[in-house]
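Per chain, numbering begins at 1; letters A, B, ... match sequence-line order.
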Amino acid sequence: MELIFKKPESLTDTITHYCPGCTHGVIHRIVAEVLDELGLRERAVGVAPVGCSVLAYNYFYCDFLEAAHGRAPAFATGLKRANPNLIVFTYQGDGDLASIGGNEILHAANRGEKFTTIFVNNAVYGMTGGQMAPTTLPGQVTTTTPFGRKVDDVGYPIRVAELLATLRTPSYIARTSVHNSEGIIATKKAMRKAFSYQKENVCFSLVEVLSTCPTNWGIPPKQAAEWVGEHMVPYYPLGEFKTPEKVH
Amino acid sequence: MAKLLMKGNEAIAEAAIRAGAKHYFAYPITPQNEVSEYLSRRMPEVGGCFLQMESEVAVINTLFGAAAAGIRAFTTSSSPGISLMSEGLSYITAANLPTVVVNMCRAGPGLGGILPSQGDYRQMTKGGGHGDYHLIVLAPASVQEAVELMMLAFDLADKYRNPVGILADGLIGQMMEPVDFDALPKPTVYDKSDWITDGAKNREPHLIRTLFLDPVPGEIENRKRAEKYRQIEKNETRYEIYNLENHPKLVIVAFGTIARVCKTAIDELKTMGIEVGLFRPISLYPFPYTELMQVGEKAQMLLSVEMSNGQLIDDVKMAMQGKKPIHFYGRQGGIVPAPDEIVEEAKKLFNVS
Ligand SMILES: Cc1ncc(C[n+]2csc(CCOP(=O)(O)OP(=O)(O)O)c2C)c(N)n1
Ligand code: SF4
């Protein structure tokens, strides 16, 4: 019988600890498929963040480091500069990347470090129990914005992809979503590009993926997926913001 | 090759290259900028990598990545920069990774001043970051010794898979002295293939982590590290003694360049018929407690001379276990005690005016 669908080699058999309806797992699988398809697993080193995906190394079947909170781009810089033959990727949440680690990602992107960042934007701090993140939407209720995010008090959510796309240094920057099958296909395409640019030693690459956190949003999985489409996508437009071929 | 006249900061930079460290990440801070400036020219010559990072926070975490990749890498900084590296040093130690961090200590706390100090003694030897860990800490007293300890630092870091700190007061970095690189031993090459993250080809993945949510493996990790520290304490204690032959009643304890000032004072006191000895710890962690006790026991009193407000003295007290009176003389704020001051202090203790 012909085998037409299987678990990617770049994933282990371990059952993930993610909540029902959480799309971290979907994003893991897409990364793993791309590593498999581009034949990169044996050269890959992932860098896990501090956040819900801190245990990502239990699920990926490749070398892994576990970073300090927000510092994954610095870890990746050290790895890649030490051994340019590696395929290095960071996997970071929005608190990790856009808040405490804002400086590290900005400067790694600006230096044009040749690694790939998977940036999971779920609009909250998941692991610590649903506090406001730099990406929390205006008016969104979290455990630390009980009356909704007030933009005149704490500012507007940061659009990371747009922000990094303003840098003059060539890079690949895209935003996708995994709340429906169309988004999953687009995410895979973007990640394939991101890792291909690294493989060809072209540039820094980052894919921002809009993701769900039903647990901390306090809604069931199906509704959470819909919430991404209805509330996140309008504020965080999908698409490619920068490609290395195009000078901005 | 003959001896070279070099500034301490440049000699340290060159020593690292001789030790096989071809990757250097740093953020500018006085009084150690000459290291970066030297290496920005020198690294391309030896096929290495010089990278000016966005902050000391980034520096220390980049060193984590480089160490995980299996290469020798290092940084240099000064006090406020070391404070920012504390979190990263805790992580690097927890991950059992080797790295070398030079602290050209300046006056503190706060922004302090750019003149020499030893105010980071406690920060370097007793932690700085969180959790049960130690850096191995070496303190040079001359440019030549700085070069030798730099070479040793990389070997010790690899041997024990633990970060090594060099604590040098700003004087070491700034002064020019003759150095001889030829007499130095060749760096030891350690096999790291069973733990580095260089791609899981024909082997199971390697994982470098510091999170242990389950307390049982968490405690095992800590116990293994504690055992490592016992080994370091047993094998890596280093110190120098001076003028102990005539059984002096007073023994000065001092490290770094200030110990050299003390030697001058001791020579001067000798001409007045006053015998004073010197005990200079070279390894600040592991601290030579037993050796200091053996020396101190034979004296009547000890004097801790520091460019800080009584930090080294805590370890002197630990060594002496209350058996002898321990006096203190220190200057702060970037002031280096002159030999005369130490002579006066000793004379006071001998009741000589
Ligand atoms: C220095 C430091 N500060 C705070 C924390 C606590 N902490 C752990 S995870 C986390 C937030 C993670 O949120 P995010 O990056 O959005 O990822 P998610 O869990 O949503 O996937 C924080 C603040 C920490 N581990 N280290
Ligand atoms: S808390 Fe949120 S981000 Fe974390 S696993 Fe659960 S659903 Fe996913």
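Using a 4.5 Å cut-off between heavy atoms, A:Val54 contacts chain B through its side chain alone, with no backbone atom that close. Contact annotation for B:Glu87: only side-chain heavy atoms (C-beta onward) come within less than 4.5 Å of a heavy atom of chain A. When heavy atoms are compared at a cutoff of 4.5 Å, B:Leu63 does not approach chain A at all. Contacts of B:Ser90 with chain A are absent, with no heavy-atom separation under 4.5 Å from either backbone or side chain. Both the backbone and the side chain of B:His206 have a heavy atom closer than 4.5 Å to some heavy atom of chain A. A:Arg43 touches chain B through its backbone: at least one of N, CA, C or O sits under 4.5 Å from a heavy atom, while the side chain does not. Interface residue B:Leu51: only side-chain heavy atoms are found under 4.5 Å from chain A.
The minimum heavy-atom distance linking A:Asp63 with B:Gly199 is given by the pair OD2-N, 3.0 Å. When all heavy atoms of B:Pro205 and A:Cys62 are compared, the closest pair comes out as CB-O, 3.3 Å. The shortest heavy-atom contact between B:Cys49 and A:Arg81 is SG-CD, 4.0 Å.
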task = Any chance you could lay out the side chain to side chain donor-acceptor pair (under 3.5 Å) test for A:Glu66 and B:Tyr91, step after step, and finish with the verdict?
result = CA-CA 10 Å; A:Glu66 178 201 273; B:Tyr91 277 77; over 6 Å; no
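For A:Tyr18, the ring-ring contact (aromatic ring centres under 6.0 Å, His included) criterion is met by A:His24, A:His28, A:Tyr59, not counting sequence neighbours.
To the nearest 0.5 Å, atoms CD (B:Glu54) and CD (A:Glu104) are separated by 5.5 Å. Distance check, rounded to the nearest 0.5 Å: CG of A:Asn83 to CG of B:Asp198 gives 7.0 Å.
Between B:Leu211 and A:Val50 the shortest side-chain heavy-atom distance does not fall below 4.5 Å.
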